Amino acid sequence: QVQLVESGGGLVQPGGSLRLSCAASGRISRVNAMGWYRQAPGKERELVADITSGDNTNYAGSVKGRFTISRDDAKNTVYLQMNSLKPEDTAVYYCKMGITRSFTWVSHDYWGQGTQVTVSS
């Protein structure tokens with residue numbers, strides 16, 4: 001089994017910062033692309049940022065310049081540093097990883113359970 005566990009969400013004032021983490025565990029042979037998504041109430045889930053196994057990154061226009069995605073392959077962990085947070089960043093944030101399990105050759109997408117980020121004064 002593979003499990004993704006997120007941490008780092010919470011309540012922060014506008015202009016503040018938070019750092020999200022998502023660690024994968026289980027029988028993992030390789031972690032491919034990693035990403036962060038978010039879903040606000042009444043809205044569809046949207047891509048925030050993703051990072052390839054070659055460290056190429058991609059950001060949603062609304063977070064570019066404020067958020068930074070990074071990965072630590074030794075720990076099977078992806079991070080999202082969020083600065084200059086705005087009320088419109090309020091959402092449940094989910095991580096996703098493309099993982100090839102041990103003794104297999106196919107990559108499957110796995111999701112974290114979600115962590116709430118609330119930006120409010």
Side-chain angles (χ1 to χ4, degrees):
Q1 290 283 10
V2 172
Q3 187 176 17
L4 274 59
V5 178
E6 303 172 12
S7 60
L11 173 64
V12 64
Q13 293 186 343
S17 297
L18 283 175
R19 188 190 195 211
L20 305 183
S21 300
C22 174
S25 62
R27 295 190 171 190
I28 297 171
S29 174
R30 176 184 172 87
V31 181
N32 305 300
M34 300 177 174
W36 288 95
Y37 292 71
R38 67 186 180 187
Q39 187 167 19
K43 295 188 177 181
E44 293 190 355
R45 191 173 297 189
E46 63 175 0
L47 174 69
V48 176
D50 57 21
I51 182 168
T52 68
S53 57
D55 286 336
N56 293 311
T57 58
N58 175 53
Y59 295 92
S62 60
V63 307
K64 198 171 293 186
R66 300 188 296 123
F67 291 10
T68 302
I69 189 170
S70 61
R71 60 189 289 164
D72 184 339
D73 289 331
K75 297 180 180 179
N76 290 332
T77 299
V78 61
Y79 304 97
L80 186 68
Q81 178 66 43
M82 305 185 292
N83 299 329
S84 302
L85 282 160
K86 304 176 181 180
E88 50 264 43
D89 294 318
T90 296
V92 178
Y93 284 70
Y94 299 89
C95 63
K96 186 179 84 169
M97 298 187 188
I99 293 175
T100 303
R101 293 169 58 189
S102 300
F103 309 111
T104 70
W105 300 100
V106 180
S107 178
H108 295 281
D109 286 339
Y110 292 85
W111 290 87
Q113 80 284 0
T115 185
Q116 177 70 46
V117 171
T118 302
V119 184
S120 175
S121 55

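Below, all heavy atoms of this structure are taken into account, side chains as well, without hydrogens, waters or symmetry copies. Given the structure is predicted, the values throughout are model-derived calculations rather than measurements.
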Does [X] share a hydrophobic cluster with [Y], counting links as ILVMFWY side-chain heavy atoms below 4.5 Å and allowing steps through other members?
X   : Y   : result
V31 : I51 : yes
M82 : V63 : yes
I99 : Y94 : no
V92 : L47 : yes

Do the side chain of [X] and the main chain of [Y] share a donor and acceptor less than 3.5 angstrom apart?
X    : Y   : value
T118 : T90 : no
R71  : T52 : yes
R66  : S84 : yes

### Task
Starting from the C-alpha separation in whole Å, work towards a yes-or-no answer on side chain to side chain contact (heavy atoms under 4.5 Å, CB included) for D72 and Y79.
CA-CA 8 Å; D72 184 339; Y79 304 97; 4.0 Å; yes

## Note on the structure
In this structure, CD of Q116 is separated from OH of Y93 (nearest 0.5 Å) by 9.5 Å

### Task
Quick one: pull up SG in C22 and CG in L80 and give me the separation to the nearest 0.5 Å.
11.0 Å

Residue pair [X] / [Y]: nearest heavy atoms and the distance that separates them:
X    : Y    : value
S120 : P14  : C-CD, 3.6 Å
C95  : E6   : N-OE2, 2.8 Å
T57  : I69  : CG2-CG2, 3.7 Å
V5   : Q113 : CA-OE1, 3.8 Å
D109 : G98  : OD1-CA, 3.7 Å
M97  : A24  : SD-CB, 3.7 Å

### Query
Excluding sequence neighbours, so at least two apart, what forms ring-ring contact (aromatic ring centres under 6.0 Å, His included) with Y110?
none

Is any side-chain heavy atom of [X] less than 4.5 Å from a side-chain heavy atom of [Y]?
X   : Y    : value
F67 : L85  : yes
V2  : H108 : no
L20 : V117 : yes

### Query
Would M34 and L4 satisfy side chain to side chain contact (heavy atoms under 4.5 Å, CB included), going step by step from the backbone distance to the final call?
CA-CA 11 Å; M34 300 177 174; L4 274 59; over 6 Å; no

### Task
Give every residue pair that meets the salt bridge (Lys or Arg N to Asp or Glu O under 4.0 Å) criterion with at least one member in residues 39-64, sequence neighbours excluded.
R38-E46

### Task
Using only heavy-atom distances, determine whether the side chains of S17 and N83 contain a donor-acceptor pair under 3.5 Å.
yes

#### Entry: Results of side chain to side chain contact (heavy atoms under 4.5 Å, CB included) for T68 - residues two or more places apart only
Y59, Q81

